[in-house]
Amino acid sequence: MSVPILKQSQYLIATIQSALTDEDLLTLQAKLVQSVGKFRSRGVIVDVTALDVLDSFASRTLRDIAHIIRLRGAETVIVGIQPEVAFAMVQLGITLEKVSTALDLEEGLAYLDKRLPHAAASP
Amino acid sequence: MMEQNAPPMMNIVSTAALLRELVEHLRHHRTELREEWARRITEARLLTAMSDEEIFAEATSVYDNYVAALETGTFEALQTYSRNLSERIIPRGVETHEVVGIVLLLRDVLARSLFAKHQSDFQLLNRILDAYEPAANRIANTVAVGFVQERERIIREQQEAIRELSTPVLQVRERLLILPIIGVIDPQRARQLTEQLLRGIRANRARVVVIDITGVAAMDSHVANHLVQTVEASRLLGATVIVTGLSPEIAQTLVKIGVDLGKMNTVGDLQGGIEEAERLLGYRVVPSQEVPAQISGFRDGA
């Protein structure tokens, strides 16, 4: 199951729509990292609203994506983590340290607009 | 030797008849036995929460119910009575050992009066005791169990009340929630708090949450770690948590047990926490020039 990546002005939005295999996650990572360069994006949003489980591999991949994209000069926000998922992750010791998170897509966009004032104003 | 020569018919006096005789005896000596019992209760320093008159009044009705239970052999009335009694005396601070103590005292008082009455006829005494003991044990059991059940019912009710009362998640401004925690946090309550907070964050689209623990007297490492986890989970939902009102004791405990508070944003009191939250949300609170009449010291006639 591949994840569609949408380009929205200077942001990329990847909405995960169902549970992903480890391989799918790595494909997503490669695609996002590549696209950031190709579209000269400033921000990336990964929406995980549809996931009711985030295991350690998925969490680590999300963290890696955020760190790699920062090295590529863009910001990443993970949005839509469900309350139950959040608490389960914390209990497993997965805290996505140094990764930005937001409640949902709207909040994520607002966060990026605030962090990257120049990107928001662009046509 | 007389007894052995007695006709066999006499030996097979039914338990029921013996109990009847016993009840007769207890009715007849009601006043003095009751007084003796009340005196023994006071002597043993039981029911100290109640006055002598109250003890006597309760003793009277327990006595009558006791005799009635012996007479009829049914315990429903006694059960109901002991439940009502428990309902009355539990709020007064009467303890389980006191209730068990007074019932055993009554048993003792009555047994002694039987000894006194039948001391000349040892065999009859034995038979009467054979009839009396099982009934008395069952009565003691009924009263004690009734008391304990009532107590447990009250405890359950109170626990539920605490659970319902204890965890309000309140919105004080757009995107700002406060969670005032009061009282003891046990693991179950901690879990519930977290669940409600995370749901609240989602439902209210909160960006900042102030958790105020001024009303929490003590915290162990388990609960402290849970608090840290709650803070982290809230962050995963995109909300910043500010913890306020850490008492000196709790602060020292947390440092001593080595809880990692580095990830926690703490402010001294609730007011400071809300001010900080407003700052994070971009609010600025400015005093208005006009002071409403209600708080300026004047009252209009309307």
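Just so we're on the same page: letters track the sequence lines, and every chain starts at 1. All of these numbers come straight from a predicted model, not from anything done at the bench.
Contacts of Val99(A) with chain B are made by backbone atoms alone, with heavy-atom separations under 4.5 Å and no side-chain atom involved. Proximity to chain B is absent for every atom of Leu54(A), based on heavy atoms less than 4.5 angstrom apart. For Gln82(A), the parts lying under 4.5 angstrom from a heavy atom of chain B are both the backbone and the side chain.
Contacts with chain B (heavy atom to heavy atom, under 4.5 Å) involve no residue of residues 63-72 of chain A. At a heavy-atom separation below 4.5 angstrom, chain A is approached by Arg199(B), Ile201(B), Arg202(B), Arg205(B), Arg207(B) within residues 199-213 of chain B.
Separating the CE atom in Met89(A) from the CD atom in Gln229(B) is a distance of 12.5 Å, to the nearest 0.5 Å.
Just one of Leu236(B), Leu197(B), Leu198(B) meets the side-chain contact (heavy atoms from CB on, under 4.5 Å) condition when paired with Phe87(A); it is Leu198(B).
Between Thr101(A) and Leu237(B), the closest side-chain pair of non-hydrogen atoms is not below 4.5 Å. Side-chain contact check for Glu107(A) versus Arg175(B): some heavy-atom pair is nearer than 4.5 Å.
With hydrogens and angles ignored, the 3.5 Å screen pairs no side-chain donor or acceptor of Thr95(A) with any backbone N or O of Glu232(B).
Enclosure of atom CD in Glu157(B) by more than 12 non-hydrogen atoms of other residues, nucleotides or ligands within 6.0 angstrom is indicated.
Among all heavy-atom pairs drawn from Ala86(A) and Ala233(B), the shortest one is CB-O, 3.7 Å.
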